[in-house]
Amino acid sequence: MPWSTAFDDPVRVSDKRELLTLQEAADYIMRLPEDAQHEPRWQTAIETLIKAAETGGGWVMFARIAMLRALNADDRRG
């Protein structure tokens with residue numbers, strides 16, 4: 001599957017921003033500070049994004065879930 005594969009539902013990052021594709025999600029992670037990128041939650045997200053790009057199918061859904069969990073981890077910590 002190409003990196004341009006879209007999620008079934010967008011990943012909302014903020015009130016004004018949504019990630020629509022695997023590539024947009026990967027780019028979002030790559031723009032995070034390097035120390036944040038190495039946190040387990042973001043490592044899991046990038047691993048599932050790679051797997052989704054390689055194999056597609058249910059992995060696209062798992063990648064979306066991993067992104068949501070990583071994004072929402074800050075809310076749970078606060």
Side-chain angles (χ1 to χ4, degrees):
M1 303 222 50
W3 281 92
S4 61
T5 299
F7 295 113
D8 289 338
D9 293 305
V11 174
R12 186 171 301 279
V13 178
S14 68
D15 287 340
K16 297 182 180 182
R17 182 155 183 223
E18 293 180 334
L19 306 174
L20 304 176
T21 66
L22 299 175
Q23 186 65 58
E24 289 178 7
D27 291 345
Y28 178 87
I29 295 171
M30 295 306 294
R31 284 193 291 271
L32 293 172
E34 191 170 338
D35 57 330
Q37 292 178 29
H38 293 288
E39 292 177 11
R41 62 186 169 143
W42 292 113
Q43 288 294 301
T44 299
I46 199 67
E47 288 169 13
T48 56
L49 286 167
I50 291 168
K51 191 71 169 174
E54 291 175 345
T55 61
W59 282 101
V60 176
M61 178 187 64
F62 292 140
R64 181 178 182 277
I65 292 168
M67 285 297 297
L68 292 170
R69 289 178 58 93
L71 287 164
N72 290 321
D74 289 332
D75 294 340
R76 291 192 301 269
R77 291 179 187 169

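- Looking at every heavy atom in both residues, Pro2 comes nearest to Leu22 through O-CD1, 3.9 Å.
- Residues Ala45 and Ala66 approach most closely at CA-CB, 3.7 Å, considering heavy atoms.
- Taken to the nearest 0.5 Å, the CD atom of Glu24 stands 9.5 Å off from the CD atom of Glu18.
- Formation of a donor-acceptor pair under 3.5 Å by the Arg64 side chain with backbone atoms of Val11 is not found in this model.
- For the atom pair CE (Met61) and CG (Asp9), the distance works out to 11.5 Å, reported to the nearest 0.5 Å.
- Counted within 6.0 Å of CG on Asp35, heavy atoms from surrounding residues, nucleotides or ligands total more than 12; the atom is thus considered enclosed.
- Once rounded to the nearest 0.5 Å, the distance linking CD of Glu39 with CD of Glu34 reads 12.5 Å.
- Of all heavy-atom pairs spanning Arg41 and Ala70, the tightest one is NH1-O, 2.7 Å.
- Between the CD atom in Gln37 and the CD1 atom in Ile46 there is a gap of 8.5 Å [rounded to 0.5 Å].
- Side-chain contact check for Gln23 versus Leu49: every heavy-atom pair is 4.5 Å or farther apart.
- Between Met67 and Ile29, some side-chain heavy-atom pair lies under the 4.5 Å cut-off.
- Between Thr5 and Trp59, every side-chain heavy-atom pair lies at or beyond the 4.5 Å cut-off.
- In this structure, the separation between CZ on Phe7 and CG on Leu20 is 9.0 Å, given to the nearest 0.5 Å.
- With rounding to the nearest 0.5 Å, the separation of CG in Leu19 from OH in Tyr28 is 7.5 Å.
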